[in-house]
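These notes are about the structure you will find just below.
The chains referred to below are lettered A, B, ... by the order of the sequence lines, with proteins before strands, and numbering in each begins at 1. Small disclaimer: the values here were computed from a predicted structure and weren't measured.
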2 protein chains.
Amino acid sequence: MTSESETTEKMTAALRKAGIRVTRQRIALLGVLAEATDHPDAVELHERAKAIEPSVSLATVYRTLSVLEEGGVVHRHAFEGGGARFETTHEEHHDHILDVDTGEVIEFQSDKIEQLQDEIARELGYEVVHHRLELYCRKKT
Amino acid sequence: MTSESETTEKMTAALRKAGIRVTRQRIALLGVLAEATDHPDAVELHERAKAIEPSVSLATVYRTLSVLEEGGVVHRHAFEGGGARFETTHEEHHDHILDVDTGEVIEFQSDKIEQLQDEIARELGYEVVHHRLELYCRKKT
DNA sequence: TTGGGTGCAAATCATTTGCAATTAT
DNA sequence: ATAATTGCAAATGATTTGCACCCAA
């Protein structure tokens with residue numbers, strides 16, 4: 001069990017590392033992001049952050065998400081339909097399966113596919129800077 | 001060489017097949033789409049269509065693109081940055097490489113990757129409805 | 001103290017839509 | 001004739017930004 005103050009300390013450290021000021025709003029948002037496992041969008045993150053720190057505005061959520069993204073702390077995904085969805089950056093790179101019926105997001109990782117991508121790009125005279133692989137799926141019956 | 005009237009006939013046939021009325025605006029847009037090899041966005045398509053048929057409005061471009069998409073005549077792509085970009089549907093499925101410096105789009109196709117995608121989804125209890133694979137690349141030096 | 005950060009409201013950007021006029025069938 | 005289609009302008013939805021106040025360093 002992580003105590004509230006421990007969590008706050010962790011958020012504070014992360015913000016310090018990113019070289020930006022530690023504010024109530026940013027601690028709240030970062031906390032919410034850390035807990036989330038469902039790739040929420042900005043509005044959803046705003047709702048959750050407000051529950052912790054009512055003064056957080058949607059504008060600040062957007063501004064902070066951009067700063068955190070630049071700092072490599074969060075990843076922004078532009079899945080089909082609706083606005084951008086976010087997740088905290090984790091060690092291993094991964095791609096996503098999206099359940100077209102529920103909107104649920106499942107992460108997966110395939111070295112083989114990554115390799116093939118590099119190969120294909122190389123053959124065409126390119127090198128992959130980053131990529132996007134999303135499988136829009138339905139649960140098998 | 002395809003004559004102008006031949007092109008118009010082709011467009012007319014396509015619209016008839018899609019079960020929608022043949023209008024000057026739609027013929028112009030469809031003609032522009034057929035010629036394009038660069039995955040233009042709606043504004044660009046509007047510019048090009050206006051050169052053929054000045055009465056085409058941007059609203060009609062958007063409306064027609066949606067209808068044609070539903071009819072399977074065109075594909076809509078939501079690449080990173082900017083608005084949607086379109087291409088006429090062609091036989092073989094393919095994915096895209098995007099030159100991050102020039103915005104150029106290169107098409108490619110890999111059965112191996114497709115197979116791996118299906119495999120991954122299946123193992124997780126899903127079946128792929130459709131997917132999105134985009135390689136954001138830089139020309140090799 | 002002071003420059004970064006914030007909330008608010010107004011501005012943007014891509015896209016959609018209501019409506020009255022036009023036009024394909 | 002008449003229902004589909006259109007242009008225009010206003011509406012939308014997601015995101016950004018200007019500005020005056022606030023607060024972390």
Report task. Using whole Å, report how far CG of A:Leu58 lies from C1' of D:dA14. Result -> 9 Å

Report task. Take atom CG of B:Leu45 and atom C1' of C:dT15, then tell me their distance rounded to the nearest Å. Result -> 14 Å

Report task. Quick one: label A:Arg16 by what it contacts on the DNA or RNA (base, sugar-phosphate, nothing), any heavy atom closer than 4.0 Å. Result -> sugar-phosphate

Report task. Scan B:Arg24 against the nucleic acid and name what it touches under 4.0 Å (heavy atoms): base, sugar-phosphate only, or nothing. Result -> sugar-phosphate

Report task. Measure the distance from CG on A:Leu29 to P on C:dG5 and round it to the nearest whole Å. Result -> 14 Å

Query raised in the report: Within the pair A:Thr23 and C:dG4, is there a side-chain N or O less than 4.0 Å away from OP1 or OP2?
Result: no

Requested in this report: Take A:Ala59 and A:Val43, find for each the nucleotide of DNA chain D with the closest heavy atom, and name the residue whose nucleotide sits nearer the 5' end.
Outcome: A:Val43

Requested in this report: Send over the distance from B:Ile27 CD1 to C:dT23 C1', rounded to a whole Å.
Outcome: 13 Å

Query raised in the report: Can you tell me how far P of D:dT15 sits from CZ of A:Arg85, to the nearest Å?
Result: 12 Å

Query raised in the report: Just checking, is any N or O donor in the side chain of A:Glu114 or A:His93 under 3.5 Å from an acceptor N or O on the other one?
Result: yes

Requested in this report: Would you indicate whether the side-chain heavy atoms of B:Phe108 and B:Leu135 approach each other to under 4.5 Å?
Outcome: yes

Query raised in the report: Would you call A:Glu127-B:Arg138 a salt bridge at under 4.0 Å N-O?
Result: no

Requested in this report: Just compare C:dA14, C:dT17, C:dA24 and give me whichever is closest to any side-chain atom of B:Arg21.
Outcome: C:dA24

**Report entry** d(CD, A:Glu53; C1', C:dG5) in whole Å
**Finding:** 13 Å

Query raised in the report: Between B:Arg132 and B:Glu134, is there a side-chain N and carboxylate O pair less than 4.0 Å apart?
Result: yes

Requested in this report: Would you kindly give the CD1-to-P distance between A:Ile20 and C:dG5, to the nearest whole Å?
Outcome: 7 Å

Query raised in the report: Separation of A:His77 atom NE2 from D:dA14 atom C1', in whole Å?
Result: 18 Å

Query - Lys/Arg-Asp/Glu bridge criterion (N-O < 4.0 Å) met for A:Asp41, A:Arg48 - result: no

Requested in this report: Kindly point out which of D:dA25, D:dT6, D:dT16 is positioned nearest to the side chain of A:Val22?
Outcome: D:dA25

Query - D:dT15 OP1/OP2 closer than 4.0 Å to side-chain N/O of A:Arg63 - result: no

Requested in this report: Examine C:dT16: is either OP1 or OP2 under 4.0 Å from a nitrogen or oxygen in the side chain of B:Tyr62? Give yes or no.
Outcome: no

